[in-house]
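Computed from heavy atoms alone, side chains included, the values below leave out hydrogens, waters and symmetry copies.
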Amino acid sequence: MSKTALITGGSRGIGAAIALRLAKRGFLTVINYFSDNESAEKIVSQTGGFAMQADVSDMTQVENMIKTITEKTGGVDVLVNNAGISVSGLFTDITPEEEQRLWGINVGGVFNCTKCVIPYMINKKHGKIINISSMWGQVGASCEVHYSASKAAVIGFTKALAMELGPSGINVNCIAPGVIMTDMNACHTAETLEALKDETPLQRLGTAEDVAEAAAFLASEESSFITGQILGVNGGFVV
């Protein structure tokens, strides 16, 4: 029986690329999405899995999602905490509502989904949790203080949880992407993107597929002795 992988925010961008890659590796992929059912079903048509709508910041919705997945597949073997949003602007200009929403998804969503899948993984003495952070969570970015802080929290969460779940045979790792060409970076001008490319030692911007390859490795048994690590997929931007 195929192992089940749940990818949050899996209807587009990095999440969609990870879902497609894991499906090719033989996983039954579950695409979590917030509102874009059309895009989610498009990915499902290519992966053969199924889609689940849920706001990951809402624990009740997450509990219902995991319950449904468990009824259909037996449980989640690989969790990819990918769902995330960004807000840009001066620290003092970000509204409390924007701040609350960002932390609710970027950090609360990781906590909620992880908490719900852990019992199944502990029972099996096996599981893979892959958290998607950002290089800005490692070094910080001006005018992205809230986003950087939330992604730094994901890194700290990864390290601590890896220590806690290691004795149960569960691997917890984190990917910290660099500048990846997805919708999240569509707000940047061509000049800004060119400058970021010039700052990247490999002299190119990343793709969602670059991150997906790293996620596929961490989801595989080849990474069985790797836990609590932060894998930078950034072209050398942060070393």
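Take Ser45 and apply the side chain to side chain contact (heavy atoms under 4.5 Å, CB included) test, not counting sequence neighbours, and it matches no residue. Looking at residues two or more places apart in sequence or on another chain, you find no side chain to side chain contact (heavy atoms under 4.5 Å, CB included) involving Met163. With sequence neighbours excluded, the residues satisfying side chain to side chain donor-acceptor pair (under 3.5 Å) with Thr4 are Thr73. Partners of Ser57 according to the side chain to side chain donor-acceptor pair (under 3.5 Å) rule, which considers only residues two or more places apart in sequence or in another chain, are Asp55, Arg101. Residues satisfying the side chain to side chain donor-acceptor pair (under 3.5 Å) criterion with Asn123, sequence neighbours excluded, are absent altogether. For the ring pair (Phe, Tyr, Trp, His ring centres under 6.0 Å) test, residues two or more places apart in sequence or in another chain that qualify with Phe237 are Trp136. Partners of Asn81 according to the side chain to side chain donor-acceptor pair (under 3.5 Å) rule, which considers only residues two or more places apart in sequence or in another chain, are Thr114, Asn131.
Rounding to the nearest 0.5 Å gives a distance of 11.5 Å between CD of Glu63 and OG1 of Thr68. Note that SG of Cys113 and CD of Gln61 are 10.5 Å apart. Values are rounded to the nearest 0.5 Å. Atoms OG and CG, on Ser133 and Asn173 in that order, are 12.5 Å from each other to the nearest 0.5 Å. For the atom pair CG of Leu205 and CG of Asn234, the computed distance is 12.0 Å after rounding to the nearest 0.5 Å. Remark: Cys116 SG to Ile66 CD1 distance equals 6.0 Å, nearest 0.5 Å. A distance of 6.0 Å separates OG of Ser220 from NZ of Lys128, quoted to the nearest 0.5 Å.
Under the 4.5 Å side-chain criterion, counting only non-hydrogen atoms from C-beta, Ile170 is in contact with Ile129. No side-chain heavy atom of Gln100 sits under 4.5 Å from any side-chain heavy atom of Thr95. In this structure, Met52 and Ile31 have side chains that are not in contact, with every pair of non-hydrogen atoms separated by 4.5 Å or more. A 4.5 Å side-chain heavy-atom check between Val233 and Ile175 finds at least one atom pair inside the cut-off. A 4.5 Å side-chain heavy-atom check between Ile155 and Thr158 finds every atom pair outside the cut-off. Contact annotation: the side chain of Phe50 approaches that of Val30 to within less than 4.5 Å [non-hydrogen atoms, C-beta and beyond]. Using a 4.5 Å cut-off on side-chain heavy atoms (C-beta onward), Ile130 and Cys174 make no contact. The shortest distance between side-chain heavy atoms of Tyr147 and Ser134 falls below 4.5 Å.
Cluster membership check: Met121 does not share its hydrophobic cluster with Val78, using side-chain heavy-atom separations under 4.5 Å among Ile, Leu, Val, Met, Phe, Trp and Tyr. In the hydrophobic cluster analysis, where Ile, Leu, Val, Met, Phe, Trp and Tyr join through side-chain heavy atoms closer than 4.5 angstrom, Ile69 is grouped together with Val117. The cluster map of Ile, Leu, Val, Met, Phe, Trp and Tyr, joined by side-chain heavy atoms under 4.5 Å apart, puts Leu22 and Ile226 in the same cluster. Leu6 and Leu165 fall within a single hydrophobic cluster, where Ile, Leu, Val, Met, Phe, Trp and Tyr side chains are chained together by heavy-atom contacts under 4.5 Å. Under the 4.5 Å side-chain heavy-atom criterion for ILVMFWY residues, a single connected hydrophobic cluster contains both Met135 and Leu193.
Residue pairs satisfying the side-chain hydrogen bond (donor to acceptor under 3.5 Å, both in side chains) criterion with at least one member in residues 27-36, sequence neighbours excluded, are listed as follows: Thr29-Thr47, Tyr33-Asn37, Asp36-Ser39. Sorted by first and then second residue, the salt bridge (charged side-chain N to carboxylate O under 4.0 Å, His left out) pairs with a member in residues 216-235 read Lys3-Glu221; sequence neighbours excluded. Sorted pairs that involve residues 139-161 and meet salt bridge (charged side-chain N to carboxylate O under 4.0 Å, His left out), not counting sequence neighbours, are lacking altogether. Pairs engaging residues 85-100 under the salt bridge (charged side-chain N to carboxylate O under 4.0 Å, His left out) rule: none recorded [sequence neighbours left out]. Residues in residues 193-202 take part in these salt bridge (charged side-chain N to carboxylate O under 4.0 Å, His left out) pairs, two or more places apart or across chains: Glu194-Lys197.
In terms of heavy atoms, Ala214 sits closest to Leu231 at CB-CD2, 3.7 Å. Of all non-hydrogen atoms in Gly13 and Ala208, the two that sit nearest each other are O-CB, 3.8 Å. Contact record, Phe27 with Ala219: CZ-O, 3.7 Å, taken as the closest heavy-atom pair. In this structure, Ala176 and Ile230 approach most closely via the heavy-atom pair CB-CG2, 4.0 Å. Across all their heavy atoms, Ser150 and Val107 have their closest contact at O-CG2, 3.6 Å. Residues Ser11 and Ala16 approach most closely at C-CB, 3.9 Å, considering heavy atoms.
Put simply, the side chain of Ser148 never gets that close to the backbone of Gly137: no donor and acceptor are under 3.5 Å apart. Panel note: side chain Asp210, backbone Thr207; a donor-acceptor pair is recorded below 3.5 Å.
In the displayed structure, Glu41 atom CD is contacted under 6.0 Å by more than 12 heavy atoms of other residues, nucleotides or ligands. Shown here is Glu71, whose CD atom has more than 12 heavy atoms of other residues, nucleotides or ligands within 6.0 Å.
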| request: Run the numbers on Asp77 and Lys124 for side chain to side chain contact (heavy atoms under 4.5 Å, CB included), then give the verdict. | output: CA-CA 9 Å; Asp77 299 286; Lys124 287 192 67 177; 3.0 Å; yes

| request: Test Ile105 against Ile85 for side chain to side chain contact (heavy atoms under 4.5 Å, CB included), laying out the working first. | output: CA-CA 7 Å; Ile105 295 175; Ile85 61 173; 3.9 Å; yes

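If you check the side chains of Asn171 and Thr227, you find no donor sitting under 3.5 Å from an acceptor.
Asn82 pairs with exactly one of Thr8, Val211, Val56 by the side chain to side chain contact (heavy atoms under 4.5 Å, CB included) rule, that one being Thr8.
Between Arg21 and Glu209 there is no salt bridge, since no side-chain N of the basic residue sits under 4.0 Å from a carboxylate O of the acidic one.
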